[in-house]
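One structure below.
Note on naming: letters A, B, ... go to the chains in the order of the sequence lines (proteins, then strands), and numbering restarts at 1 for each one.
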Amino acid sequence: MVSLCKKIITPIARASITISTKPTIFTGHEVPFVPFSQLQKIKQLESQIISTLHDCTNLSQIKQTHAYIIRRCLHQSSYVIAKLVRMLSKTSVSMLPYGVSIFSQVRHPNAFLYTALIRGYTIDGMLEESVFVYNSMRRDGLTPVSFTFTALLSASASEKKVDLGRQLHCECVKLGGFEVDYFVDNVLINLYLKCGWLSSGRKVFDESPERDLISWTSLIDAYAKAGRMDSASEMFDRAPAKDMVLWTAMVTGFVQNAKPREALEYFEKMQISGVQTDEITLVGVINACAQLGAAKYANWVRDIAEKSSFSIAKDSHLGSAMIDMYSKCGCLEEAYEIFKNMHKKDVYSYSSMIIGLAYHGRANSAIELFEEMTKTDVGPNAVTFLGVLTACSHAGLVEEGKKFFEIMESTYGVTPCADHYNCMVDLFGRTGRLDEALDVITSMPMEPTAGIWGALLGSCRTFANPDIAEIAARHLFELEPVNIGNYILLADVYVKAERWEDSLKVRKLISEKGLRKTPAFSCVEGEKGVIHEFYAGNMTHPRSTEINEVLENLIERLKLNGYEPDLSSVLYDVNEEEKRRILMKHSEKLALAYALLIAEDGSAIRIVKNLRICVDCHLFMCGVSEISRRKIIVRDNMRFHHFEDGACSCRNFW
DNA sequence: CTAGGGTTAG
């Protein structure tokens with residue numbers, strides 16, 4: 001290999017462009033002087049080779065054509081070689097060095113050939129190398145073409161190098177030796193949006209004379225990713241045309257902003273307007289269903305996938321999303337079925353499944369699956385270990401958890417991040433080892449997050465430890481001054497420790513700060529895929545009278561079994577009778593009663609709650625699962641609870 | 001002939 005290619009392959013320290021002072025305008029391609037008649041023949045041959053190259057689909061075909069090029073003495077033609085290099089960079093990553101070596105044999109590469117190489121590097125995400133080639137090209141006195149800039153700009157966008165991109169764009173405009181087409185504008189819009197410069201991107205978008213559908217989509221997607229769904233919807237309405245990708249961006253946008261109902265609404269509109277859907281659209285829809293936790297919806301999506309003959313078994317995105325959806329809908333068997341049938345299991349499918357098992361309290365299965373995974377060539381990543389550690393903490397497997405935490409870095413090279421420390425705090429905290437949980441926090445190498453202090457505070461409530469709770473609360477009130485949940489937890493700890501006055505003080509603090517409670521609600525699937533939402537204390541459901549009767553009846557029967565309402569779950573300063581009334585109208589109880597009203601024989605009841613299930617409701621569900629001889633599956637914001645024959649799968653580790 | 005939408009955790 002010639003020295004130039006070595007130079008190009010070696011990464012340079014910093015990507016920045018150097019501007020050569022006097023660019024020579026260079027057009028045409030390098031061929032030795034030949035009489036006109038022969039030139040005609042060469043041009044013919046060139047076009048013939050290019051069309052052959054165009055039809056190449058694999059490396060051996062390309063190599064054959066390369067041999068032909070050499071036989072016909074056209075290996076110095078930048079025109080032909082540019083196409084060859086381009087084809088190589090398109091073929092696969094490992095072919096780039098081959099392209100580089102061919103490039104370096106051309107004595108006078110022209111702008112097209114340089115650009116082909118630049119594109120080769122940008123496709124492989126080697127931005128610094130491509131900038132290096134760009135600089136070499138300028139040193140050779142060549143003028144870039146429009147496509148040189150679009151390649152470099154789009155690479156800067158995906159690497160989020162906004163400064164480099166702007167520098168390139170400035171040079172592109174300044175140079176102007178060619179027509180700067182609207183396409184450069186579009187790539188610039190994309191650069192700004194990808195780098196989070198929304199207003200700059202919008203400005204170029206507004207001023208650009210030719211905005212096409214792709215730019216509309218980029219803009220709308222950028223708004224969605226920034227959590228600005230109102231702006232996204234507004235632009236969506238204004239978009240002159242709407243294709244599959246644009247619709248999908250909206251569906252996915254709503255999902256990313258935790259608005260699954262709107263996502264499904266848009267999906268429906270999309271279908272009505274006759275736009276096709278593909279796997280990517282469906283992944284969005286699947287995630288919406290996962291958020292809803294509605295089992296009937298899960299089956300509905302699966303039907304769509306199967307009818308559209310999308311391959312759940314082959315597409316990792318689709319399969320993993322579906323595993324996640326089924327486990328979040330409480331259907332672990334279906335999730336496992338999908339997992340089992342996947343042809344090639346990757347880190348996503350394994351992790352989704354491990355996390356699913358963890359949330360359903362199946363710690364041993366999760367660990368087994370992890371061990372099975374380590375025997376394959378699929379390496380675990382940070383998320384996989386989150387799943388494994390979650391499994392341990394939700395099952396009280398302290399020693400196992402400690403072991404996994406140790407080996408994740410030493411054996412698998414995965415450096416623990418704050419979330420992993422969060423799991424460790426949980427692991428110790430849930431089993432009452434609060435001092436050790438606190439030790440984890442004080443010894444961790446990064447700043448503890450609010451979630452970590454929150455986990456500690458939650459454990460302090462379970463084990464009535466006001467001393468450590470106060471430490472956690474102090475940090476939490478600083479980190480999240482308006483999160484009412486933290487104040488409620490602390491007040492709760494004081495109640496458990498029978499320090500009524502302190503509890504009262506915290507509640508005063510809540511009202512002084514004017515914090516309002518997050519309304520608790522629970523959902524249950526009714527007939528025809530209608531999801532019924534129940535808010536705590538709200539009796540506006542059309543069948544409220546019946547719901548009330550069911551609840552009264554259940555309580556009577558449970559009392560015979562020794563159930564006594566756990567009044568400590570009610571923090572308000574009211575009399576016992578009122579506390580009983582409040583408890584009775586907890587959202588998950590209302591949802592349960594409604595579910596019992598409409599449930600078919602023998603079917604399991606699935607409830608999704610936005611907050612953590614309270615102690616009394618947990619007790620209540622246990623009892624109802626026994627007397628009604630029905631499985632009750634509750635998903636709260638922490639995990640799943642499977643109630644069966646009077647016991648819960650969480651074994652009180654929640 | 002270049003640019004837009006996707007998977008696991010919290």
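- Residues from residues 312-321 of chain A that place a heavy atom under 4.0 Å from any atom of DNA chain B, listed by number: A:Asp315, A:Ser316, A:His317, A:Leu318, A:Ser320.
- For A:Asp324, whose side chain is taken as the heavy atoms from C-beta onward, the closest listed nucleotide among B:dC1, B:dA9, B:dA3 is B:dA9.
- Closest approach of A:Ile286 to A:Ala321, counting heavy atoms only: CG2-O, 3.3 Å.
- Residue A:Glu279 places its side chain closer to B:dG6 than to any other of B:dG6, B:dA3, B:dT2.
- Remark: A:Arg211 is not in phosphate contact with B:dA3, judged by side-chain N or O atoms under 4.0 Å from OP1 or OP2.
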Practice prompt. Take A:Ser352 and A:Ser320 through the test side chain to side chain donor-acceptor pair (under 3.5 Å) and record every step on the way to the result.
Written response: CA-CA 6 Å; A:Ser352 304; A:Ser320 308; 4.5 Å; no
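- Atom pair A:Asn381:CG and B:dT8:P shows a separation of 12 Å (rounding to whole Å applied).
- Base contact: A:Leu213 has a heavy atom under 4.0 Å from a base atom.
- With sequence neighbours excluded, the residues satisfying side chain to side chain donor-acceptor pair (under 3.5 Å) with A:Asp636 are A:His641.
- Across all their heavy atoms, A:Cys289 and A:Val301 have their closest contact at SG-CG2, 3.4 Å.
- Closest contact between the side chain of A:Phe147 and the listed nucleotides B:dA9, B:dT2, B:dG5 involves B:dT2.
- Protein atom OH of A:Tyr326 is 17 Å distant from nucleotide atom C1' of B:dT7, rounded to whole Å.
- The ring pair (Phe, Tyr, Trp, His ring centres under 6.0 Å) check on A:His420 picks up nothing, with sequence neighbours excluded.
- Listed by chain and residue number, A:Thr65 satisfy the side chain to side chain contact (heavy atoms under 4.5 Å, CB included) test with A:Thr52 (two or more places apart in sequence, or in another chain).
- The A:Asn287 side chain lies nearest to B:dT8 when the options are B:dG5, B:dT8, B:dA3.
- One can find a donor-acceptor pair under 3.5 Å joining the base of B:dG5 and the side-chain atoms of A:Asp278.
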Below 3.5 Å, can you tabulate the donor-acceptor pairs from side chains in residues 257-266 of chain A to any protein atom, sequence neighbours excluded?
{"residue": "A:Asn257", "atom": "ND2", "partner": "A:Ala224", "partner atom": "O", "Å": "3.1"}
{"residue": "A:Asn257", "atom": "ND2", "partner": "A:Gly253", "partner atom": "O", "Å": "2.9"}
{"residue": "A:Arg261", "atom": "NH2", "partner": "A:Glu533", "partner atom": "OE2", "Å": "3.4"}

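- With distances taken from any side-chain atom of A:Ile280 to the nucleotides B:dG6, B:dA9, B:dC1, the minimum falls on B:dG6.
- If you check residues 243-257 of chain A against DNA chain B, the residues with a heavy atom closer than 4.0 Å are A:Asp243, A:Met244, A:Val245, A:Leu246, A:Thr248, A:Thr252, A:Gln256, listed by number.
- Residue A:Ser349 is out of contact with every strand shown, counting any heavy-atom pair closer than 4.0 Å.
- Across all strands shown, A:Asp419 has heavy atoms under 4.0 Å from base atoms, whether or not it also approaches the sugar-phosphate.
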